[in-house]
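Worksheet: one structure, shown below.
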2 protein chains.
Amino acid sequence: MPKRRTRLRSHCPVNFGLEAFGDRWALLILRDIVFRGKRSYGEFLASEEGFSTNILASRLEHLVAEGILTRADDVRDGRRAVYSLTEKGLDLIPLLFEMVLWSAKYDRQSEAARIPGLVELIERDNRRVSAELRPLVVQGEAVVRRYVEGGAGAVRL
Amino acid sequence: MPKRRTRLRSHCPVNFGLEAFGDRWALLILRDIVFRGKRSYGEFLASEEGFSTNILASRLEHLVAEGILTRADDVRDGRRAVYSLTEKGLDLIPLLFEMVLWSAKYDRQSEAARIPGLVELIERDNRRVSAELRPLVVQGEAVVRRYVEGGAGAVRL
DNA sequence: GAGGTAACTTGTAAATTGCAAGTTACCGGT
DNA sequence: ACCGGTAACTTGCAATTTACAAGTTACCTC
């Protein structure tokens, strides 16, 4: 994905989404924020899928430009930048959850198996769960942590 | 997206989805099938986003390899190939619908504005609408057509 | 002030994409 | 059977984009 395409290829809703957040790496950043509570360049960089530094930087820039993320300087540490989801970004949670559902069904080895409780909740009512987890995401909590089987913070909505 | 990555980068549900269908062009193919009732190479090629012939071929091959599409020779015309969604592919409809919802909300010029009825139904219950529209998609009907404002075939579920 | 860290930027080779131009098989009409 | 035309690809390259390694700059911590 280049810096920024001059014009959208089309206003088809699917295409619009793809151009805004549909890049592979962009979506992994969003995943890191929502499911893992990550917030900074360095944390994203540590993801197992292996970002290249330049790609990570360009995707962060892109997501900020799209209004899906905001970037702020960390108050406690001047070197750090903190990326957060805007409303527009938070509204992507249901989409991420649908991906989880699909992969849970078709990936025999899916890590979703570790959060059966959450998967079931999403199946039952994605929209509701997404809305209820929003505050947690805003607070920077790793949504997944609460639902890891046998985990300490397991919670039922 | 290369022909086929040797191994998955991870079994994170989001990453799994991305590697299976998350490529920009792959998703546009799925959109063409679900919303526009397209079935053949030539029809996909005519999409306004402009597939390159080699990319289109490689993505179709990839989706078939992933078990999301099947390819069959057209009985009536030996030159044609017909691509259809498998169960695995049909299960992506809710995901496409979530994209529609998001884009309808954030793209001022979204074409989703032409199908307010469908958007509303999806908002109300994505899963149900997806299930009910499945047969139409299987029959190769363009889901969108039924919901175009003022269109002849408008229908309420 | 020295050493280390966070967030990037730059350089470059390798991989992927976008075009344009084939190729092969099949269709429909004559 | 022949012929122009179509459908689905494949191939060859130039232009992008990516992956990786190596900086750079600002800011902590000690």
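The side chain of A:Asp77 approaches D:dC28 more closely than any other nucleotide in the set D:dC28, D:dA19, D:dC9. Here D:dA7 is the nucleotide among D:dA7, D:dA19, C:dT9 with the atom lying nearest to any side-chain atom of B:Arg79. When each of C:dT10, D:dT18, D:dA8 is scored by its nearest atom to the side-chain atoms of B:Ser40, the top-ranked nucleotide is D:dA8. Checking D:dA8, D:dA19, D:dA21 against the side-chain heavy atoms of A:Ile55 singles out D:dA19 as nearest. Each of C:dC8, D:dC9, D:dA19 was ranked by its minimum atom distance to the side chain of B:Thr53; first place goes to D:dC9.
No hydrogens or angles considered: a donor-acceptor pair under 3.5 Å links the side chains of B:Asn126 and B:Ser130.
In this structure, CG of B:Asn54 is placed 15 Å from P of D:dA14, rounded to the nearest angstrom. Atom CG of A:Leu45 is separated from atom C1' of D:dA19 by 13 Å (rounded to the nearest Å). Residue B:Arg59 contributes atom CZ, which lies 14 Å from atom P of D:dT10 at whole-angstrom precision. Between the P atom of D:dT25 and the CG atom of A:Asp73 lies a distance of 19 Å, rounded to the nearest Å. Distance CG (A:Leu60) to C1' (C:dC8): 10 Å, rounded to an integer number of Å. Rounded to an integer number of Å, the gap from B:Asp23 CG to D:dT18 C1' is 14 Å. Separating the CZ atom of A:Arg80 from the C1' atom of D:dT29 is a distance of 16 Å, rounded to the nearest angstrom. Put simply, CG on B:Asp74 is 12 Å from C1' on D:dA8, counting in whole angstrom units.
Across all strands shown, A:Tyr83 has heavy atoms under 4.0 Å from sugar-phosphate atoms exclusively, and none from any base. As judged by a 4.0 angstrom heavy-atom cut-off over every strand, A:Arg71 is placed among residues touching the sugar-phosphate backbone only.
Within the 4.5 Å cutoff, the side chain of A:Ile33 has heavy atoms near those of the A:Arg39 side chain. Taking the side chain as every heavy atom from C-beta outward, B:Leu118 and B:Leu133 approach each other to under 4.5 Å.
Of the two residues contacting DNA chain D, namely A:Val75 and A:Gly50, the nearest-nucleotide position lying further toward the 5' end is that of A:Gly50. Checking A:Arg76 against B:Arg39, the closest nucleotide of DNA chain D that is more toward the 5' end is the one next to B:Arg39.
Ring geometry, A:His11 versus A:Phe16: the interplanar angle falls under 30°, so the pair is classed parallel (tilted spans 30 to 60°).
Salt-bridge annotation for A:Arg59 and A:Glu66: absent, with no side-chain N of the basic residue lying under 4.0 Å from a carboxylate O of the acidic one.
The phosphate of D:dT17 has neither OP1 nor OP2 within less than 4.0 Å of any side-chain N or O from A:Trp25.
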